[in-house]
Trainee: 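Would you mind keeping the following structure in view while I ask a few things?
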Amino acid sequence: MGSITEFSIGCRRCANLEQIGKKSFMCSVRSHMDDSDVVPIRDGKKTEDWCICDGEYYRR
């Protein structure tokens with residue numbers, strides 16, 4: 001599995017963030033129970049989805 005090379009609780013620097021707009025990012029591996037997208041950063045601001053995985057999917 002290797003050592004964690006990037007880690008910060010929440011979404012910062014997560015390898016699974018994909019940019020979907022100017023200063024907006026969605027998670028490519030998580031979705032809500034209703035299949036809606038997890039968008040931790042919208043318009044440069046943290047949303048209620050921030051820290052949704054507590055760093056489970058960080059680059060190793």
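Count residues from 1 along the sequence. The structure presented is a predicted model; accordingly, all values stated were derived computationally and were not measured. We use all heavy atoms of the structure for the numbers below, so side chains are in, but hydrogens, waters and symmetry mates are not.
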Trainee: Applying the 4.5 Å side-chain criterion to the ILVMFWY set and letting contacts propagate, would W50 and V39 be lumped into a single cluster?
Mentor: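 Different clusters: W50 never reaches V39 through Ile, Leu, Val, Met, Phe, Trp or Tyr contacts under 4.5 Å.
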
Trainee: Which pair of non-hydrogen atoms, one from M26 and one from I20, has the smallest distance, and what is that distance?
Mentor: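 In terms of heavy atoms, the two residues are closest at CG-CG2, 3.5 Å.
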
Trainee: Grab the two heavy atoms, one from S24 and one from D43, that are nearest each other, plus how far apart they are.
Mentor: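 Smallest heavy-atom distance, with atoms named: OG-N, 2.9 Å.
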
Trainee: Name the one of V38, D49, I41 that satisfies side-chain contact (heavy atoms from CB on, under 4.5 Å) with C27?
Mentor: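 Single side-chain contact (heavy atoms from CB on, under 4.5 Å) partner of C27 among V38, D49, I41: V38.
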
Trainee: Would H32 and D37 count as having a side-chain donor-acceptor pair, cut-off 3.5 Å?
Mentor: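 H32 vs D37: no donor-acceptor pair found between side chains.
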
Trainee: Could you tell me if the side chain of L17 sits less than 4.5 Å from the side chain of P40, heavy atoms only?
Mentor: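 In contact.
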
Trainee: Okay, side chain of T47, backbone of R42: is any donor-acceptor separation there less than 3.5 Å?
Mentor: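 Looks like no, no N/O pair under 3.5 Å.
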
Trainee: Would you indicate whether E48, at its atom CD, is surrounded by more than 12 heavy atoms from other residues, nucleotides or ligands within a distance under 6.0 Å?
Mentor: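 Count not over threshold, so no.
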
